[in-house]
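Written out below as structure tokens is the structure these notes cover.
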Number of protein chains: 2
Amino acid sequence: MTTTATAPQATRRKAPEPATATALKLFVVLARAQRAITERINASLVEKGLTEAEFAILEALYHKGPLLLGEVQRKILVSSGGITFLVDRLAERGLVERQMCPSDRRARYAALTKKGEALIGQIFPAHAEAIREAMSGLSRAEQKQATELLKQLGLAAAIRKPAAE
Amino acid sequence: MTTTATAPQATRRKAPEPATATALKLFVVLARAQRAITERINASLVEKGLTEAEFAILEALYHKGPLLLGEVQRKILVSSGGITFLVDRLAERGLVERQMCPSDRRARYAALTKKGEALIGQIFPAHAEAIREAMSGLSRAEQKQATELLKQLGLAAAIRKPAAE
DNA sequence: TGATATTATCTCAGTAGTAAGATGTTCAAT
DNA sequence: ATTGAACATCTTACTACTGAGATAATATCA
């Protein structure tokens, strides 16, 4: 923590160091951009009667085939209670079913039913198109640039920060 | 784990167009980066007993002075019921108080109490520092570049999409 | 072989909000 | 003044989860 002892100005709140100001600005625009994007995307999901997490499960199973609940959980980043709850809800609607795992009796697969497969197969293209549209504020080259930067940012941030108490 | 390492199903989904694939990738890394960042930041807020929204209110009042509830609401992007609830909760803890608006009897100001001012004044610097650290996966120049791209992306996405369909 | 730790899922109480509509206030045009 | 639209906030019912702990199965190792 580099608290460089600059003379405290009693005027307005102490202005942060430039490096911190840059980071704060990025923090704000990152949050706003993500919110603006997901608000658009989720609006189209709500019309289909799916939450973001439900859609994410269907999509994961659609593209990867049956997955263990734990695998889905890690992929869509919900709690263990959450994945049970979500799969229950999708199962009640007949979109997903649990299957035994032959090699581990604790574990269960989640798999799309015919009905679930039909549903996600129908709405995924529109979802992808909505994302393409939502991102159209940037050219493709800019999108790739942003992707690289965000990948780097996200990976670094995901690493447990140095054990500085 | 060995689920027949061979082709799971021949149902390889139709690959999306390149432009859509680019947008999808950006969508994923944007969500992941934002999540990794806010998870770090929020962890430090939880230690202080504040949610993200509560902190955002305190910060807004700290930097702008008393604000009408509606102004705070629009600034931190919660529902009208949400802002009432949040200000109630902060008021119960003695961090914020409501004040009459002399020119409009419908409206109320939210203002920091001494206690609230002391709290936010104490934790804001650490918060800013946590953000600086969370962003340190990018150089300052890269952060500025990312900020520009995200600003452009966010602004475009926030505009109501053309009323086509 | 057990003893112990780990893992996978499930249960259930709790939480941080949202959505829709109610209430009281202001404003503009009669 | 009077009506009605627009507003600012509040109330209530609900929701989509989270977190902690329970249960059962598997892995590790003395």
Side-chain angles (χ1 to χ4, degrees), chain A residues 31 35 38-43 45-58 60-61 66-93 95-111, chain B residues 1-3 31 35 38-39 41-43 45-58 60-61 66-93 95-111:
Chain A
R35 188 178 181 110
T38 57
E39 222 155 65
R40 281 178 69 142
I41 304 309
N42 290 359
L45 290 184
V46 165
E47 289 168 21
K48 312 289 182 180
L50 292 174
T51 67
E52 197 177 341
E54 288 171 334
F55 178 84
I57 293 174
L58 296 180
L61 299 179
L67 294 174
L68 294 175
L69 290 195
E71 293 174 327
V72 182
Q73 184 196 334
R74 281 183 292 277
K75 188 154 179 46
I76 73 168
L77 300 176
V78 295
S79 64
S80 67
I83 193 64
T84 295
F85 171 71
L86 287 162
V87 170
D88 279 353
R89 207 164 50 185
L90 291 170
E92 273 165 25
R93 288 207 254 159
L95 300 173
V96 153
E97 63 188 6
R98 285 186 174 80
Q99 292 169 356
M100 289 296 166
C101 173
S103 62
D104 185 342
R105 278 186 300 174
R106 295 170 299 179
R108 300 279 179 280
Y109 283 104
Chain B
M1 289 285 166
T2 29
T3 50
R35 185 175 185 116
T38 58
E39 222 154 66
I41 304 309
N42 291 0
L45 290 183
V46 166
E47 289 169 19
K48 313 288 183 178
L50 292 173
T51 67
E52 196 177 344
E54 286 171 336
F55 178 84
I57 293 175
L58 296 180
L61 300 178
L67 294 174
L68 295 174
L69 291 195
E71 292 174 329
V72 182
Q73 183 196 333
R74 281 183 292 276
K75 189 155 179 44
I76 73 168
L77 302 175
V78 295
S79 64
S80 67
I83 194 63
T84 295
F85 171 71
L86 286 162
V87 170
D88 280 353
R89 207 164 50 184
L90 291 170
E92 273 165 26
R93 290 207 255 160
L95 300 173
V96 153
E97 62 187 8
R98 284 186 174 80
Q99 292 171 354
M100 288 296 165
C101 173
S103 63
D104 186 341
R105 279 187 300 175
R106 293 169 301 181
R108 301 279 179 280
Y109 284 104

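None of these values were measured; they are calculated from a predicted model. Numbered from 1 within each chain, the chains take letters A, B, ... in sequence-line order.
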Original post:
Looking at C:dT18, D:dG19, C:dT9, which one has an atom nearest to any side-chain atom of A:S79?
Top reply: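 Nearest nucleotide to the side chain: D:dG19.
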
**OP:** Counting heavy atoms from C-beta on, name the nucleotide in C:dT9, C:dT18, D:dT9 closest to the side chain of A:A107.
**Re:**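 In terms of side-chain proximity for A:A107, the closest of C:dT9, C:dT18, D:dT9 is C:dT9.
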
Using whole Å, report how far [atom1] of [X] lies from [atom2] of [N].
X      : N      : atom1 : atom2 : result
B:L90  : C:dA16 : CG    : C1'   : 13 Å
B:I83  : D:dC7  : CD1   : C1'   : 16 Å
B:R105 : D:dC10 : CZ    : C1'   : 17 Å
A:Y109 : C:dT9  : OH    : P     : 10 Å
A:R106 : D:dA24 : CZ    : C1'   : 9 Å
B:L50  : C:dT15 : CG    : P     : 16 Å
B:N42  : C:dT15 : CG    : P     : 17 Å
B:R74  : D:dC7  : CZ    : P     : 10 Å

Original post:
Across the strands shown, which category fits B:T84 at heavy-atom distances under 4.0 angstrom: base, sugar-phosphate, nothing?
Top reply: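 The residue B:T84 makes base contact.
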
**OP:** Could you point out which residue of B:E52, B:E54, B:E47 forms a side chain to side chain contact (heavy atoms under 4.5 Å, CB included) with B:L50?
**Re:**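 Among B:E52, B:E54, B:E47, the one that satisfies the side chain to side chain contact (heavy atoms under 4.5 Å, CB included) with B:L50 is B:E54.
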
**OP:** Look at the side-chain N and O atoms of B:R98 and state whether any lies under 4.0 Å from the OP1 or OP2 oxygen of D:dC10.
**Re:**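 Result: yes.
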
Original post:
Can you find a donor-acceptor pair, distance only, under 3.5 Å between A:S80 side chain and C:dC10 base?
Top reply: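 Side chain to base: pair found, below 3.5 Å.
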
Subject >> A:L69 and A:R98, any side-chain heavy atoms less than 4.5 Å apart >> reply: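 Yes, at least one pair of side-chain atoms sits under 4.5 Å.
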
**OP:** Report yes if some heavy atom in the side chain of B:Q99 is under 4.5 Å from a heavy atom in the side chain of B:R108; otherwise report no.
**Re:**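 Sidechains of B:R108 and B:Q99: no contact.
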
Original post:
Start at the 5' end of DNA chain C and walk down; is the nucleotide closest to B:R89 or to A:D88 reached first?
Top reply: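 Taking each residue's closest nucleotide, the earlier one in sequence belongs to A:D88.
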
Subject >> For A:A31, side-chain contact (heavy atoms from CB on, under 4.5 Å) partners two or more places apart >> reply: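 For A:A31 the side-chain contact (heavy atoms from CB on, under 4.5 Å) partners, ignoring immediate neighbours, are B:Q34.
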
Please list every donor-acceptor pair under 3.5 Å in which a side-chain atom of residues 72-81 of chain B meets a protein atom from a residue at least two apart or in another chain.
from: B:Q73; atom 1: NE2; to: B:V78; atom 2: O; distance (Å): 3.4
from: B:S79; atom 1: OG; to: B:G82; atom 2: N; distance (Å): 3.0

**OP:** On DNA chain D, check which nucleotide each of A:L86 and B:G82 is closest to and give me the residue with the more 5' one.
**Re:**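 By nearest-heavy-atom nucleotide position, the 5'-most residue is B:G82.
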
**OP:** By nearest nucleotide on DNA chain D, pick out whichever of B:G81 and A:D104 is the more 5' one.
**Re:**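 In this pair, the answer is B:G81.
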
